[in-house]
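Encoded as structure tokens, the structure appears first; notes follow it.
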Amino acid sequence: MHIKDKLAACETAGKPCFSFEYYVPKTPQGVQNLYNRLERMGSFGPQFVNITWNAGGRSNSFTTEAVSVAQAAYGLETCMHLTCTGMEREKVSGALREAYNSGCTNILALRGDPPGENETWSSVSGGFRYAKELVAYIRENYGDYFDIGVAGYPEGCDDRDPDVLLDHLKEKIDAGGTFIITQMFYDVDIFLSWVKKVRERGITVPIIPGIMPIHTYAAFIRRANWVNIKIPGKWLRTLEPVKNDDVAVRAIGRNLVVELCQKILASGINQLHFYTMNMATATRMVLEGLNLMSDLDSLECQRSARIVS
Ligand SMILES: Cc1cc2nc3c(=O)[nH]c(=O)nc-3n(C[C@H](O)[C@H](O)[C@H](O)COP(=O)(O)OP(=O)(O)OC[C@H]3O[C@@H](n4cnc5c(N)ncnc54)[C@H](O)[C@@H]3O)c2cc1C
């Protein structure tokens with residue numbers, strides 16, 4: 001089922017819904033861990049799960065395999081990330097065929113990170129340069145079979161002028177994107193004012209906010225710095241004094257992230273996308289804090305999703 005239809009069903013039911021993102025592991029142990037999490041966290045009631053695509057195309061054959069397992073073995077509606085990094089057209093075409101064959105109907109089309117940490121991004125010969133070209137290629141070859149999401153950046157990307165980035169976002173939607181998943185953020189005011197600007201550009205597709213729960217203080221700081229986002233002063237003031245106590249960090253972090261999600265939900269956005277980092281605890285704590293873990297609630301939402309389809 002398409003993500004846009006799932007979102008429409010949640011809208012109709014008037015219930016907040018959520019989804020989970022998992023990254024592609026690099027070791028056999030990581031793979032086993034991912035499958036355990038898919039199974040265990042599937043019972044939390046996500047509307048869909050995302051599986052990332054590795055920068056540079058390394059271990060991306062595992063993405064298509066994990067997508068197939070999530071769809072077929074665990075019955076989870078799955079969205080496969082697909083990037084242009086290191087991908088000639090034939091590789092893109094092969095990945096889409098595998099997604100199609102495994103019953104996956106949702107793709108998050110991305111330009112992709114550079115293959116290495118200190119490398120700059122460049123396209124491969126016969127490949128694509130921008131995510132919008134990948135979106136257009138998928139539409140050209142598969143019509144409406146795939147629902148296609150694209151990435152949005154409330155706090156910018158690549159040091160680009162925010163207005164220019166909005167132009168580029170519009171181009172991805174005009175090429176056939178039907179929903180937007182955002183980069184993580186911790187400052188809700190920045191997110192909400194960005195949403196307003198996106199709407200002023202005439203972009204009407206659903207915007208799904210990306211939420212990163214807090215697992216440890218070191219990881220919280222590292223990830224925020226990595227994607228270059230602002231950490232509100234209150235978050236630093238409350239977390240920094242307990243930074244060496246992971247249990248305290250998770251408890252305080254839970255309250256902060258719950259408050260962030262409540263403000264998003266109060267603004268009328270009904271879907272939350274959690275970057276799980278392939279771990280269950282911090283995400284579960286936030287969902288419990290939002291009273292979203294009730295099986296009855298999630299089952300009702302899934303039932304109305306089926307009715308809409
Ligand atoms: C929700 C989410 C999930 C992600 N998942 C993955 C993943 O699985 N694997 C991975 O490797 N990375 C992932 N990323 C990271 C993403 O690939 C990088 O941030 C990448 O640098 C940008 O990707 P994009 O799809 O936004 O690219 P694009 O929208 O193509 O933009 C890339 C750059 O090109 C510029 N640009 C776009 N169009 C034009 C144009 N017409 N003219 C000139 N410049 C233009 C943009 O401004 C930007 O600077 C994810 C990001 C998000 C937010």
Side-chain angles (χ1 to χ4, degrees), residues 3 19-26 34 48-64 66-67 78-87 91-92 95 99 104 106-124 127-138 148-185 191 194 198 201 203 205-212 223-224 226-229 271-278:
I3 285 172
S19 46
F20 296 147
E21 182 165 313
Y22 299 92
Y23 69 85
V24 200
K26 293 190 173 103
L34 170 60
F48 59 92
V49 300
N50 282 32
I51 309 283
T52 65
W53 191 266
N54 250 9
R58 283 192 295 271
S59 57
N60 54 29
S61 64
F62 182 67
T63 296
T64 49
V67 165
T78 307
C79 177
M80 184 177 92
H81 292 201
L82 184 59
T83 77
C84 313
T85 310
M87 297 286 286
K91 281 193 187 164
V92 169
C104 168
N106 301 287
I107 303 286
L108 190 71
L110 300 143
R111 195 276 307 264
D113 286 322
E117 243 178 61
N118 298 318
E119 292 178 50
T120 48
W121 198 91
S122 64
S123 58
V124 288
F128 303 112
R129 188 157 170 216
Y130 301 120
K132 66 170 180 178
E133 296 168 6
L134 179 56
V135 174
Y137 177 84
I138 301 171
I148 308 174
V150 297
Y153 300 86
E155 297 185 51
C157 167
D158 291 350
D159 294 326
R160 288 255 178 191
D161 173 338
D163 271 351
V164 175
L165 269 179
L166 286 174
D167 291 341
H168 296 159
L169 181 60
K170 178 88 167 58
E171 286 173 2
K172 293 192 276 193
I173 300 303
D174 290 345
T178 45
F179 62 94
I180 297 165
I181 301 186
T182 78
Q183 183 58 278
M184 60 182 274
F185 58 89
F191 168 71
W194 176 80
V198 172
R201 286 294 167 119
I203 298 172
V205 302
I207 296 173
I208 307 175
I211 311 291
M212 178 72 83
R223 289 184 192 124
W226 168 250
V227 294
N228 212 5
I229 58 166
Q271 177 81 20
L272 304 167
H273 183 71
F274 290 95
Y275 293 113
T276 68
M277 303 312 291
N278 299 7

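Along the sequence shown, the residues carry numbers beginning at 1. This one's a predicted model, so the numbers in the text were calculated from it and none came from an experiment. Each ligand, and each atom within it, is numbered from 1 in the order the structure gives.
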*Could you list the atoms of ligand 1 found under 4.0 angstrom from a heavy atom of Thr83?*
9 (N), 10 (C), 11 (O)
_More than 12 heavy atoms of other groups within 6.0 Å of Arg201 CZ_ = yes
*Of Glu133, Arg129, His168, Lys172, which has the heavy atom at the shortest distance from atom 38 (N) of ligand 1?*
His168
*Can you tell which of Glu171, Lys170, Glu21 gets a heavy atom nearest to atom 41 (N) of ligand 1?*
Glu171
*If only atom types and distance count, is the side chain of Thr276 paired as donor or acceptor with the main-chain N or O of Glu21 below 3.5 Å?*
yes
*Close approach, Tyr275 and ligand 1, non-hydrogen under 4.0 angstrom*: yes
*With atoms numbered from 1 as shown, which atoms in ligand 1 lie under 4.0 angstrom from a non-hydrogen atom of Leu165?*
47 (O)
*asked:* With rounding to the nearest 0.5 angstrom, report the CG to CD1 distance, Asn50 to Ile181.
replied: 4.5 Å
*Less than 3.5 Å between some nitrogen or oxygen of Arg160 and one of ligand 1, yes or no?*
yes
*Taking atom 13 (C) of ligand 1 as the point of reference, which of Leu108, Leu110, Ile51 owns the nearest heavy atom?*
Leu110
*Atom CD1 in Ile173, atom CD1 in Ile203: separation rounded to 0.5 Å?*
6.0 Å
*At a 4.0 Å threshold, what atoms of ligand 1 neighbour a non-hydrogen atom of Ala151?*
26 (O), 52 (C), 53 (C)
*Using a 4.0 Å heavy-atom cut-off, say whether Tyr23 meets ligand 1 through its side chain, its backbone, both or neither.*
neither
*Rounded to the nearest 0.5 Å, how far apart are CG of Asn278 and CZ of Phe20?*
12.0 Å
*Check Tyr153 against ligand 1 and report side chain, backbone, both or neither, counting heavy atoms closer than 4.0 Å.*
side chain
_Atoms of ligand 1 close to Thr52 [distance to a heavy atom under 4.0 angstrom, numbered from 1]_ = 8 (O)
*Atom indices of ligand 1 within 4.0 angstrom of Gln183 heavy atoms, with elements*: 53 (C)
_Residue Asp158 vicinity, atoms of ligand 1 by number, heavy atom under 4.0 Å_ = 33 (C), 48 (C), 49 (O)
*asked:* On a heavy-atom basis, I'd like to know which of His81, His273, Arg111, Lys132 is closest to atom 32 (C) of ligand 1.
replied: Arg111
*Drop me the distance from Leu165's CG to Trp194's CH2, to the nearest 0.5 angstrom.*
9.5 Å
_Main-chain N/O of Arg160 paired with Asp158 side-chain donor or acceptor, under 3.5 Å_ = no
_How long is the straight-line distance from CD of Glu171 back to CD of Glu133, given to the nearest 0.5 Å?_
10.0 Å
_N/O donor-acceptor pair under 3.5 Å between Thr78 side chain and Phe48 backbone_ = no
